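Working notes, structure below.
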Amino acid sequence: MVPGARGGGALARAAGPGLLALLLTVCAPLRLQAEELGDGCGHLVTYQDSGTMTSKNYPGTYPNHTVCEKTITVPKGKRLILRLGDLDIESQTCASDYLLFTSSSDQYGPYCGSMTVPRELLLNTSEVTVRFESGSHISGRGFLLTYASSDHPDLITCLERASHYLKTEYSKFCPAGCRDVAGDISGNMVDGYRDTSLLCKAAIHAGIIADELGGQISVLQRKGISRYEGILANGVLSRDGSLSDKRFLFTSNGCSRSLSLDPDGQIRASSSWQSVNESGDQVHWSPGQARLQDQGPSWASGDSSSNHKPREWLEIDLGEKKKITGIRTTGSTQSNFNFYVKSFVMNFKNNNSKWKTYKGIVNNEEKVFQGNSNFRDPVQNNFIPPIVARYVRVVPQTWHQRIALKVELIGCQITQGNDSLVWRKTSQSTSVSSKKEDETITRPVPSEETSPGINITTVAIPLVLLVVLVFAGMGIFAAFRKKKKKGSPYGSAEAQKTDCWKQIKYPFARHQSAEFTISYDNEKEMTQKLDLITSDMAG
C-alpha cells in the first residue's frame, strides 16, 4: 500500500459533503443560465409577414436542459399560418421535452415523440408564442418551423424539394430565412436545378427572391439533363449534380440579359497595375480588360496593400439609364496570379446626381456582397430591388493579395413594359432610401426618349372630341324640339321626348351584353416581383 493512501481516503470522505455542496453551488447558476429563455433557439429569421425558426443545433441534436421562447407576429388583421417542416423530439410524454404554441385565446400542443402532429396550423390570431423546452435526452433534431400571414396560403417550408410535386407548373410562397437551412441544391439559373434540390434555397440562388424577404416563386418542371453545373450565387453554393429524370426552372421577368460593355470608353478605374512577364515585357492590367467574356488578364488595382481603407473602384458607364438586376464577377482568371475580391459594395448614380450606396432591404444599411473565393470561378449576386442607373461602381472591401476583377452586369433596357415598377412596401425600411411607410410606389422611371409633347397631345385630343360631341348633342336637341312643335306621325311626343332625352343625357351609355365575357385566371398571372425603384434611384 502506498504510504498516506489511507489518510488521503479519510480526508476525501471528510471533505465529500463540503465538496458536493461547493459543486452544486457552482453548477446551479450554470443550470439557470442554460434554461434562460432563448438559449435553446437556433436559426431565426423574421420579416414582417414571414419567417423561419429552428431549435438550437438543427438538424443536429438539440442540447439538454434548454428553453427557447419567441413571439412571432404578422400584420394586424391577418391570420397566422404555421408550417412544421420537421419535428423530432425524443420524449414520448411531453413532460420535459415539447413544442408548444400559445396565443391569447388558444393553445396548440404540446407536441413531442411519435404523436401525430399537424403539418399546418391556421390560427385565428396574428400573434403566437412559440415555446420549445428540453430535459435530459440522447437524440432528437428538435424542430424547423416556417410561418406567414394568411395572404400566403401556399406557404411551404425551407425543406420542400421539387421532387415532392408532380405538376409541371406550380406557384408557392417561400418564407424569409431559407438560405442558411441545411440542405443541398445542384444546378444553376440558366440550365435549371436537379429535382432533388431545395426549392426555396434554389430560388434564392437564382435571384428570384431575397433571403431577407422570402417571396412567391413560379416553377416549371422539365426533363432532366445529364449533368448539373454548380456556381456560387447570392451567398448559396450550388453543387455539381449527376443525371436526373427531372429538373426545374423558375419563371422570371426576363430582365436577366448581359449588358454589353464597351472597353474603349465605358470602363474606368481608380488605378491600374503594370506587371512584368517572364520575357521582361510590361503587362498592363487596365480597366478595359475587366469584361468577363474577354480572354487574358483582368483589371487589377495599382495598390496591393490589404491594411488600408477600401478606396479602389471600378466604374462602368452604360451610356444611358438601365435596369440592373445583378452582377457576375471573377478574379484575375490567371493561375499564376491568385488575385480576387472577397467582398464589395455597389455605388450608382445618374447624370448630374451624387453617388449613392446600394443598401439592404430590411436594415437600410450598406449592403456588402459576397465576392469570389478563388481567381477563376464566377460568382453571381442579384439586386433585389434592382438598380436603375447609368453609372455603377464596384468598390472592393476585402481581397486576396491584390484587387483583381472581371465583371458582367445583368439587366435590361428601360422600356414601356418595365418603366413603371410596383412594389408594396412591407417594412419601415427599404433597400434604397424611401422613408414613407406602407405605400405603393408606382412612379415611372424617367426616360430620355419620352417627349413632353406626347403627353399634351394625349390629353388635348380627347378634350377636343368631347367639345365636338357636346355641340353636336345640343344641335340634335334643338332639332327635336322643332319637330315636337310640328308634331310627329310616328309616335307620341312624350315617348320621343323621353328617348331623345336619354340619348342626349347619356350619349356614351352602353348596355351590357351577356354575349361577351372577359375573364382573368389569377392563378396563371405572373407572380409579383420585388422591383423597387425609389426617387433616389430614378434621380
Side-chain angles (χ1 to χ4, degrees), residues 43-53 74 81 83 85 144 146-149 151-162 165 169-181 183 185 187-190 192-193 197-220 231-238 248-256 323-327 358-363 367 369-370 380-387 410-411 418 421-427 429-432 525-533:
H43 176 69
L44 178 64
V45 176
T46 60
Y47 191 56
Q48 190 168 6
D49 66 345
S50 72
T52 301
M53 181 178 179
V74 293
I81 302 174
R83 282 190 67 89
L144 180 142
T146 60
Y147 74 90
S149 72
D151 288 338
H152 309 295
D154 49 358
L155 170 71
I156 61 177
T157 74
C158 302
L159 302 180
E160 307 286 332
R161 301 178 186 272
Y165 299 93
E169 296 185 24
Y170 54 91
S171 178
K172 298 293 178 183
F173 181 81
C174 289
C178 286
R179 183 187 63 192
D180 298 326
V181 170
I185 65 170
N188 57 71
M189 60 290 294
V190 177
Y193 298 87
S197 301
L198 297 177
L199 275 170
C200 294
K201 183 176 279 193
I204 296 167
H205 182 270
I208 302 300
I209 60 174
D211 183 56
E212 305 97 310
L213 290 176
Q216 202 75 25
I217 61 172
S218 294
V219 184
L220 304 175
I231 184 178
L232 177 62
N234 300 304
V236 178
L237 178 61
S238 172
F248 65 93
L249 300 100
F250 297 102
T251 62
S252 67
N253 58 10
C255 191
S256 56
K323 180 181 174 184
I324 308 160
T325 58
I327 184 173
Y358 190 86
K359 297 183 178 181
I361 298 171
V362 176
N363 56 21
K367 183 164 184 176
F369 293 92
Q370 181 177 349
Q380 178 165 326
N381 283 280
N382 287 85
F383 307 132
I384 302 176
I387 295 173
I410 306 163
N418 67 8
L421 302 167
V422 182
W423 182 55
R424 172 69 67 180
K425 290 171 62 179
T426 50
S427 75
S429 59
T430 60
S431 79
V432 201
E525 291 180 358
M526 290 295 292
T527 57
Q528 181 181 5
K529 299 294 180 292
L530 290 173
D531 290 332
L532 169 64
I533 301 179

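For clarity, every value in this text was computed on a predicted model and none was experimentally measured. Reckoned from all heavy atoms, side chains included, excluding hydrogens, waters and symmetry mates. Residues: numbered from 1 along the sequence shown.
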| For the atom pair CG (D211) and SG (C158), what is the distance rounded to the nearest 0.5 Å? | 8.0 Å
| query | What residues, two or more places apart in sequence or in another chain, satisfy side chain to side chain contact (heavy atoms under 4.5 Å, CB included) together with L198? | reply | R161, I185, K201
| Ignoring hydrogens and geometry, is there a side-chain-to-backbone donor-acceptor pair from T325 to C255 under 3.5 Å? | yes
| Those residues that, when tested against N381, pass side chain to side chain contact (heavy atoms under 4.5 Å, CB included) (two or more places apart) | N234, I327, F344, F369, V379
| query | Do you know the tightest heavy-atom contact between S171 and D154? | reply | O-OD2, 3.7 Å
| message | So, using salt bridge (charged side-chain N to carboxylate O under 4.0 Å, His left out) as the criterion, who are the partners of D180 when residues are at least two apart? | response | none
| query | Any side-chain heavy-atom pair from D151 and D49 closer than 4.5 angstrom? | reply | no
| Just wondering, do S50 and T146 contact through their side chains at under 4.5 Å, heavy atoms? | no
| message | Please find the pair of heavy atoms, one from G326 and one from F383, that lie closest to each other, and give the distance. | response | N-CD1, 3.5 Å
| said: Which residues pass the side chain to side chain contact (heavy atoms under 4.5 Å, CB included) test with I156, not counting sequence neighbours? | reply: E160, Y165, K172, C174, L199, C200
| E212 and N363: side-chain donor and acceptor closer than 3.5 Å? | no
| query | How many angstroms lie between OG1 in T52 and CG in L44, if you round to the nearest 0.5 Å? | reply | 9.0 Å
| request: Determine whether M53 and T46 make a side-chain contact, defined as any pair of heavy atoms from C-beta on separated by less than 4.5 Å. | output: no
| remark: ring-ring contact (aromatic ring centres under 6.0 Å, His included) filter on F248, not counting sequence neighbours, yields Y193, F250
| query | For the atom pair CD (Q216) and OG1 (T251), what is the distance rounded to the nearest 0.5 Å? | reply | 10.0 Å
| note | Q380 meets the side chain to side chain contact (heavy atoms under 4.5 Å, CB included) criterion, sequence neighbours left out, with M189, A233, R328, N382, I410
| Does the side chain of L232 reach to within under 4.5 Å of the side chain of Q370, using non-hydrogen atoms? | yes
| note | Here the gap from N188 atom CG to I231 atom CD1, rounded to the nearest 0.5 Å, amounts to 6.5 Å
| note | Those residues at least two apart in sequence (or on a different chain) that pass side chain to side chain donor-acceptor pair (under 3.5 Å) with R83 are E120
| query | Of I81, L155, V74, which meets side chain to side chain contact (heavy atoms under 4.5 Å, CB included) against S149? | reply | V74
| field | Student check: side-chain heavy atoms of I361 and P385 closer than 4.5 Å | value | yes
| field | With H43 via ring-ring contact (aromatic ring centres under 6.0 Å, His included) - residues at least two apart | value | none
